[in-house]
Every structure is written in C-alpha cells, then in structure tokens.
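Everything on this sheet refers to the single structure shown next.
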Amino acid sequence: MNGSHLDDFLRFLSFPSVSADSAPAYRQGVKECSEWLAGRLRAAGLVPEIHETPGNPIVVARNAHAAGLPTVLIYGHYDVQPVDPLALWHHPPFEPHVENGIVTARGSADNKGQILAHILGVEEGLKEGNGKLPVNLIFLIEGEEEIGSPNLAPFLEAHKEAFRCDGVVISDSPMIAPGVPTLTYGLRGVAAMEVSVYGPAKDLHSGMYGGAVENPVTVLARLVASLHQADGSVAVPGFYDGVEPVAAWEREEWAKLPFGAAELLAASGAPALGGENHLGVHERLWARPTAEVNGLYGGYQGEGSKTVLPAEAHAKLTFRLVPGQDSASVLAAVEAHLRAKAPGSVRLVVTPGHAGEAYVTSPITGWGAAAQSALRIAFPGKEIALTREGGSIPIVGDFRRILGVDTLLLGLCLPDCNAHSPNETFPLANLEAGIRLNRALLPELGAIGGGKPPIK
Ligand code: BES
Ligand code: ZN
C-alpha cells in the first residue's frame, strides 16, 4: 500500500462529518472535511469549488475541458452516519484503526474509501497523462447523502448546464463478495414517514384511567402490526400496484452469484431469515418493496416499572421501493391505510419525510459494456457479478430526471463492511482495486466518445 494513499485515507476518516446530528462538533467536522476534500482535489490536479447550500457544502472539481471528449460525472458523499451505539465500537469511530490491511472507522466504506479511490485514480491518471485525462471529468461530492440529499437536486436543477454530462459513475455500494467485480444495475428507492399517536392531554396514572382511556402505545403497536400480512408481505392496499416482475435473465444471473441465503444469514447475525420467505433472497432484497419500522417509542423507558398510561407514541417508518412504484403514491396509500385503522379515541399525525425513486438500467449496453471491460482489467480472471441492490441512492433517479443520464454503480465495499453499524470497515486492497478500476474505466468511457447536447 502506497503510504501517502494510506495517510490520505486516515486523514479523510478523521473528520466527524456526521450529517444527521446538528451538534457543533459535527457541524465543524462537515465544514473541515469539505475543505480538506477541496484541497485534496486541487493537489490531485483538478480545479475545486465549494458550493454553500442551506445545509452542508457541495464539493465540485473538474479537469480542463477538452472539446469532443465525453463528460463523466463521478458522484460521492463525504458525510457519514451517526456513530451510535458508541459503546459497541472497538476503537473510537473517528480515530481510524488499521489492522491486517483493514481500516475501521465511521465512513470508511460509506463512502470515504470508495470516493477516495476515484480521486487517487484520477490523480495517477493525470500524472501519467501529463495533466490530461481521456474524458472531461466532474467530481460532485456532497455532504447530505445520509439524510436524503435535500439540497442536491435543487442545486442540480439550478446549474443543469454546468453539470451536463454523458453519464454518472458511483462507487457507494457493496461488491457481491470479496474480490468479485460487481456491476450493479438497479437500486431500490426509499420513502420515509413519521407516525404519532396522541391520546390523553398528559401522562396518566394507569390505575386511575387504564381500561377507560385508550393507550396510544397500544394503538401505535396495532397500527404498526397492521402493515404486514402473516406471509411477510405488506398489507397496505395498493402498495404493490405497478411493481415490475423480475426478468428471466436476472433470475439466471442471480442464481450464479456467490452470495445467497446462507451468506445473508451469516452476515446478519439473526437466528433465521424473515420476510417473504416464499421468495428467493435476491428478489426479496432487490426487487420487492418493503415496510420497515426504524424506531418505535413511547411511554416509560427508565429503570424498573412505572404504572403510567402514556400521552403519546411515535414510530419512524421507511418503505423501500422498486421499479414501477412511485414514492408519493406509496406514502399516500400508507397514510390512508393508517387512518382507516386508527380508532377515533386517539389523534393520528402522519408526517411524510424524504423520498427517492427506485432505479434500474441495462448492464450490457454502452456504458454498461464499458464498465464490464474496465472491471475485467481491474480484476483479471474474475467473473463479473451483475446485481441490483436493496439500498438507495436517491440522487441516481434525479440524475436521470434532471440531467437525462444513467449511472454506473461500481461498488467497492464488502457485504460485511458494517455500513451504518458499529465498526465499519474498508480493506486497503479495495482502495487499491478502486484506483485500478478508475484507471481502467476512464479510457474505456473516453473511447465511447460522447459530448452531450445542451439540456433543454
Ligand atoms: N451507500 C448507501 C447506499 C447503498 C447501500 C446502496 C447498500 C446499495 C447497497 C448510502 O449511503 C445510503 O445509506 N443510502 C441511504 C439513503 C437514505 C438515507 C435516503 C439508504 O439506503 O438507507
Ligand atoms: Zn449510507
């Protein structure tokens, strides 16, 4: 491992750039991380800009424009998930720990290691090409991906021409297994919602009122339970409207993958798998929509027991979406379902949150073919895995809608990387593989040509 690459990685990981938490240390971590990134992109030979937004800054960097070459936009994010539960980390999350070639730190996989690989690849390419790359390049690295990118789509809408490109490249997803080159051609979408149930005006004595006044926690538990059928499917009327079936060629590809139910079970640490058990795991994870409870709270949470009838209860829900669904219709269907089920003895408040649509593209035409050639060069002798993913990168749908372009998803982290969990990891070998991939990819994309006409 090149020592300066390692130093760059460790420095990048040391910024506590948590986007979800407004504590001053994290605000400063975000700001300093964006500034470090801009400096690193300049040192790589690009011209950086920091764009302030109502939220966190967006970092952009470009090479010198050359007429006739295709324009490649490489997207990533420098923000990271919160670290809790902190007690489960073996080392402080923003003091990266290196052992046996594996770096442990918050953000190592999602997304700092993956985006840094592209930056370092471009730096090498510029050095070798005496300042020239085979493409026009735009790095677009935002600081709010983990909170649903609230400011990025408006920014792109406002600067469409500046981001005109022939396609987007993102490494922000897993490889199907260690060392297996992976081209991901689909992502699920996501839509968030908060549900609150309000009952009595204040917490009450459960002996004096219990049995005669509705308990909001019980009502909410019933509502949450009403989201699913016994077979694991979602019980909301209209939820599956438009859901596209899996194509025969996809089933064939997925059956060949070195990751199935056994590996999923092992990675999860659960006693057994759940959900729509009558379907295969790839279909359940990648092509079926879901309803998830992310948090459920209300009532007394302290030590011992307290005979209280709580005044309110809350749930945080998210829905993973698949091609054919539409986030606004799904949220509306869920709200209608909850309102129909809620008794009149409580007040129900439903607040929709962030949303992003599902995405699917062809892995074999144009850029997909170029990506496969580059994967073959970067991972010689290995069969390429064609996958979809269950996670979401909502801006991918916006790139298509606003800029009119598709995205290559070339994941570099491992399935057991602990993204969003304690002890997140990224192997240095994957950083190196990502650099090789970037070095191979840009010439392949350059050879296709391009030069997109202005966006209407
Ligand atoms: N890197 C992930 C997206 C991802 C995860 C893609 C797994 C494929 C497989 C990204 O940082 C992420 O966590 N996205 C969020 C989006 C949400 C906050 C709007 C997600 O999927 O939960
Ligand atoms: Zn993430």
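We use all heavy atoms of the structure for the numbers below, so side chains are in, but hydrogens, waters and symmetry mates are not. When a ligand or atom number is given, it counts from 1 through the structure's own listing order.
- Atom OH in Y198 sits 11.0 Å away from atom CG in L220 (nearest 0.5 Å).
- Listed by chain and residue number, L183, I364, R376, I384, L386 satisfy the side-chain contact (heavy atoms from CB on, under 4.5 Å) test with Q372 (two or more places apart in sequence, or in another chain).
- Heavy-atom distances between D172 and ligand 1 reach below 4.0 Å in at least one pair.
- Looking at T318 against ligand 1, nothing comes within 4.0 Å, counting heavy atoms.
- Less than 4.0 angstrom separates some heavy atom of V190 from each of these atoms of ligand 1: 19 (C).
- Sorted by first then second residue, the ring pair (Phe, Tyr, Trp, His ring centres under 6.0 Å) pairs that include residues 92-123, not counting sequence neighbours, are H91-H97.
- The ring of H5 has its center no closer than 6.0 angstrom to the ring center of F9.
- The closest protein non-hydrogen atom to atom 12 (C) of ligand 1 is E145 OE2, 3.5 Å.
- Atom 5 (C) of ligand 1 has its nearest heavy-atom neighbour, among G391, P415, G107, A355, in G391.
- You'll find the side chain of I176 stays beyond 4.5 Å of the side chain of P415, heavy atoms only.
- Not a single heavy atom of E292 sits less than 4.0 Å from an atom of ligand 1.
- For atom 17 (C) of ligand 1, the closest non-hydrogen atom on the protein side is H354 CE1, 4.2 Å.
- Taking 4.0 Å as the cut-off, P394 counts as a neighbour of ligand 1 on heavy-atom distance.
- Atom NE2 of H90 is surrounded by 12 or fewer heavy atoms from other residues, nucleotides or ligands within 6.0 Å.
- Among the atoms of S173, none of the N or O lies under 3.5 angstrom from an N or O of ligand 1.
- Within a 6.0 Å radius of CD in E32, more than 12 heavy atoms belonging to other residues, nucleotides or ligands are found.
- If you check the side chains of E424 and T104, you find no donor sitting under 3.5 Å from an acceptor.
- A distance-only check finds no donor-acceptor pair linking the side chain of D172 to the backbone of H77 [under 3.5 Å].
- Every atom of ligand 1 is numbered from 1 in the order shown, and the set under 4.0 Å from a heavy atom of I393 is 3 (C).
- Closer than 2.8 Å to the Zn ion (ligand 2) sit the protein N, O or S atoms D110 OD2, E146 OE1, E146 OE2, H420 NE2.
- You'll find the ring centres of F155 and F163 inside the 6.0 Å limit.
- For atom 18 (C) of ligand 1, the nearest non-hydrogen atom of the protein is E146 O, 3.5 Å.
- Taking the ring centroids of Y78 and F15, they lie at or beyond the 6.0 Å cut-off.
- By the side-chain contact (heavy atoms from CB on, under 4.5 Å) test, T290 pairs with R188, E292, R320, sequence neighbours left out.
- Ligand 1 has no nitrogen or oxygen under 3.5 angstrom from a nitrogen or oxygen of E389.
- Ranking protein heavy atoms by distance to atom 3 (C) of ligand 1, first place goes to S392 O, 3.4 Å.
- An N or O contact shorter than 3.5 Å is missing between Q81 and ligand 1 by distance.
- The closest protein non-hydrogen atom to atom 22 (O) of ligand 1 is R320 NH2, 2.8 Å.
- The aromatic ring centres of F259 and W286 sit 6.0 Å or more apart.
- Of all heavy-atom pairs between R339 and L348, the closest is NH1-O, 3.4 Å.
- With a 4.0 Å heavy-atom cut-off, ligand 1 is reached by no atom of S149.
- Enclosure of atom CD in E157 by more than 12 non-hydrogen atoms of other residues, nucleotides or ligands within 6.0 angstrom is indicated.
- Counting the atoms of ligand 1 from 1 in the order shown, those under 4.0 Å from a heavy atom of H77 are 11 (O).
- Distances from ligand 1 to the non-hydrogen atoms of R188 include no value under 4.0 Å.
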